[in-house]
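Below is one structure, written out as structure tokens, with a few remarks after it.
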Amino acid sequence: MNRYYVDLHIHIGRTWTGKPVKITGAKSLTFTNIIEHARHEKGLNMVGIIDSHSPEVILEMESLIQSGEISEHPDGGLTFGDLTVIPGSELEIYDEQSNGPIHLLMFFPNLTIMREFSTWLTGHLKNIQLSSQRIYVTGLVLQKKVKDLGGIFIPAHVFTPFKSLYGKGVNKSLTEVLDPDLIDGIELGLSSDTQMADQLGELHKYTFVTNSDAHSLAKIAREYQVISMKEPTFLELQRALKGEDGRHIIANYGLDPLLGKYHKTVCAECLNPLAVDAQLCNLCGNNKIIKGVADRILELKTADKSPAGRPPYIHQVPLEFIPGLGPRLLEKLVNHFGSEMAILHEVPFEALIEVVPAKIADLIMKAREGNINLAAGGGGKYGKISE
């Protein structure tokens with residue numbers, strides 16, 4: 001088996017002709033820019049590009065195949081040198097069974113199936129060009145379609161206060177809206193980690209994935225996982241999510257939940273931290289409260305510990321969070337050491353201080369070891385490193 005760095009949730013900001021796909025995504029997030037940045041700057045081995053249902057994105061991928069720049073692997077996935085792209089889609093359901101919108105991820109092995117899925121989607125949503133669109137079918141119907149096409153189905157960022165399974169979509173259980181047997185994994189999101197998520201006993205049967213949900217090139221791989229597979233293909237990913245024949249998640253790497261945008265319960269107006277049962281903000285008097293992920297999980301808690309064999313969750317601060325490490329200095333580091341994965345995992349302190357000041361090198365090492373001081377985020381505002 002081999003070890004692969006994997007981030008399965010990256011958005012397309014614009015098509016190759018400049019049309020918007022993810023409205024809030026950076027214009028630089030074209031398919032071509034993503035695969036080049038993920039391979040050469042980040043050092044990833046597999047990425048999921050989850051706006052691949054958009055017709056112009058399909059055309060761009062087909063054009064790259066025709067030109068020989070990428071190729072389709074027989075076991076699924078698009079090969080770009082030592083990087084594999086898994087075509088995917090993020091969709092929103094808000095049916096009669098749910099209390100609010102829920103975002104879901106689905107992945108497919110090749111462009112033929114992705115095009116078939118895209119064609120099916122055109123009859124069930126308003127704008128096939130755009131990302132994260134509401135689909136006017138139930139979650140159960142969507143799950144069945146994905147499985148009929150041989151796809152992978154994963155609920156997205158399941159605890160965030162907006163547009164997620166537990167954040168708003170259900171009262172207590174995922175079975176209220178989804179078939180538990182047709183779920184291949186659970187995406188934790190930036191404001192939770194394995195220890196927090198495993199307080200829900202119904203999640204113990206699923207593999208946890210940690211992904212960036214990147215809306216810009218810089219955000220790619222702010223969360224990721226290391227997966228043991230024979231090679232980076234769709235089929236091997238599918239088997240790893242099931243833990244088959246030695247394929248498995250070795251470790252999840254992600255933000256300390258304190259750095260997530262929705263960790264604490266806060267006032268929606270001034271972001272003042274509040275108790276979960278607060279009715280009014282004691283600072284500005286506003287009555288709109290954003291319930292934090294930590295508090296929501298405590299409401300749903302049914303278990304005290306993780307199941308046996310759960311991979312470790314390693315709190316790792318992305319390089320862009322390091323104080324003093326601006327874009328130019330980060331570019332210098334990457335050019336010197338090859339990729340962000342190398343800097344985060346392999347480069348020793350003695351080598352780092354040859355390129356960056358000792359203070360920054362020390363913070364990188366502390367972040368690698370999980371020994372860094374953090375101030376919690378909430379209400380859409382990221383936490384930060386407190387020096």
Side-chain angles (χ1 to χ4, degrees), residues 2-11 13 25-30 32-47 49 80-85 190 210-227 232 250-256 258-260 313-375 377 382-387:
N2 298 301
R3 295 163 56 95
Y4 298 102
Y5 296 116
V6 178
D7 178 0
L8 294 172
H9 192 153
I10 301 171
H11 281 284
K27 293 180 181 179
S28 58
L29 277 174
T30 64
T32 300
N33 285 349
I34 289 169
I35 62 174
E36 290 180 348
H37 190 82
R39 179 187 176 194
H40 299 302
E41 305 294 326
K42 299 294 181 177
L44 292 169
N45 306 115
M46 176 181 283
V47 294
I49 298 184
F80 176 58
D82 55 1
L83 176 75
T84 298
V85 178
L190 304 183
T210 40
N211 302 312
S212 67
D213 194 359
H215 287 50
S216 67
L217 293 174
K219 293 291 191 291
I220 294 172
R222 61 180 168 180
E223 295 204 343
Y224 56 95
Q225 46 265 304
V226 179
I227 304 183
I250 296 172
N252 297 98
Y253 288 85
L255 302 179
D256 187 300
L258 292 175
L259 287 173
Y313 188 108
I314 298 171
H315 293 150
Q316 191 172 79
V317 177
L319 292 173
E320 68 163 349
F321 276 68
I322 302 291
L325 187 57
R328 289 186 179 179
L329 198 51
L330 178 54
E331 183 180 7
K332 183 179 179 182
L333 268 175
V334 170
N335 288 340
H336 191 85
F337 295 114
S339 72
E340 289 192 23
M341 290 298 113
I343 297 162
L344 285 167
H345 289 273
E346 301 162 11
V347 179
F349 179 79
E350 293 74 17
L352 288 172
I353 58 175
E354 294 178 4
V355 183
V356 297
K359 183 178 180 181
I360 292 176
D362 185 55
L363 283 173
I364 291 173
M365 297 304 293
K366 285 181 177 178
R368 183 186 295 179
E369 297 159 2
N371 296 324
I372 207 158
N373 296 321
L374 305 171
Y382 287 110
K384 62 182 180 179
I385 293 173
S386 53
E387 298 180 74

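- Note on Glu320 versus Arg222: no salt bridge recorded, every NZ/NE/NH1/NH2 to OD/OE distance being 4.0 Å or above.
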N/O donor to acceptor pairs below 3.5 angstrom from side-chain atoms of residues 324-336, sequence neighbours left out:
from: Asn335; atom 1: ND2; to: Glu331; atom 2: O; distance (Å): 3.2

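- When all heavy atoms of Tyr313 and Gly254 are compared, the pair lying nearest together is OH-CA, 3.3 Å.
- Using a 4.5 Å heavy-atom cutoff, the side chains of Thr84 and Val47 are not in contact.
- Tyr224 and Gln316 share a side-chain donor-acceptor pair at under 3.5 Å.
- Rounding to the nearest 0.5 Å places CE of Met365 at 10.5 Å from CD1 of Ile353.
- Going from atom CD of Glu36 over to atom CG of Leu83 covers 10.5 Å, rounded to the nearest 0.5 Å.
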Requested in this report: Report the C-alpha distance between Leu255 and Val317 in whole Å, list the side-chain angles of each, state the deciding distance to 0.1 Å, and finish with yes or no for side chain to side chain contact (heavy atoms under 4.5 Å, CB included).
Outcome: CA-CA 6 Å; Leu255 302 179; Val317 177; 5.8 Å; no
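- How far NZ of Lys359 is from CD1 of Ile364: 13.0 Å, rounded to the nearest 0.5 Å.
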Query raised in the report: After noting the C-alpha distance and the side-chain angles of His345 and Tyr253, does the key distance pass the ring pair (Phe, Tyr, Trp, His ring centres under 6.0 Å) rule?
Result: CA-CA 11 Å; His345 289 273; Tyr253 288 85; 4.7 Å; yes
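- The backbone N or O of Val6 lies less than 3.5 Å from a partner atom in the side chain of Gln225, making a donor-acceptor pair.
- Side-chain atoms of Lys42 come within 3.5 Å of backbone N or O of Ile220 as a donor-acceptor pair.
- Between the side chain of His11 and the backbone N or O of His9, no donor-acceptor pair lies under 3.5 Å.
- Ala358 and Phe349 make their closest contact through O-CE1, 4.1 Å (heavy atoms, listed as atom of the first residue, atom of the second, distance).
- Checked by atom type, the side-chain pair Tyr5/Asp7 shows no donor-acceptor distance below 3.5 Å.
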Requested in this report: Quick one: do Arg3 and Ile227 satisfy side chain to side chain contact (heavy atoms under 4.5 Å, CB included)? Show the steps, please.
Outcome: CA-CA 6 Å; Arg3 295 163 56 95; Ile227 304 183; over 6 Å; no
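- Remark: side-chain polar atoms of Asn33 are paired, donor with acceptor, to backbone N or O of Ser28 under 3.5 angstrom.
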Query - Chi angles and distances behind the side chain to side chain contact (heavy atoms under 4.5 Å, CB included) call for Asn2, Asn45 - result: CA-CA 11 Å; Asn2 298 301; Asn45 306 115; over 6 Å; no
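- The closest side-chain heavy-atom distance from Asn211 to Glu223 is not below 4.5 Å.
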Report task. Show your reasoning for whether side chain to side chain contact (heavy atoms under 4.5 Å, CB included) applies to Ile360 and Ile322. Result -> CA-CA 7 Å; Ile360 292 176; Ile322 302 291; 4.2 Å; yes
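- With rounding to the nearest 0.5 Å, the separation of NE2 in His40 from CD1 in Ile35 is 8.5 Å.
- Pairing each heavy atom of Ser212 with each of Ala221, the nearest pair is CB-N, 3.5 Å.
- Here the side chains of Thr210 and Leu190 are not in contact, with every heavy-atom distance at 4.5 Å or above.
- Atom-to-atom distance recorded for Ile10:CD1 and His215:NE2 is 12.0 Å, nearest 0.5 angstrom.
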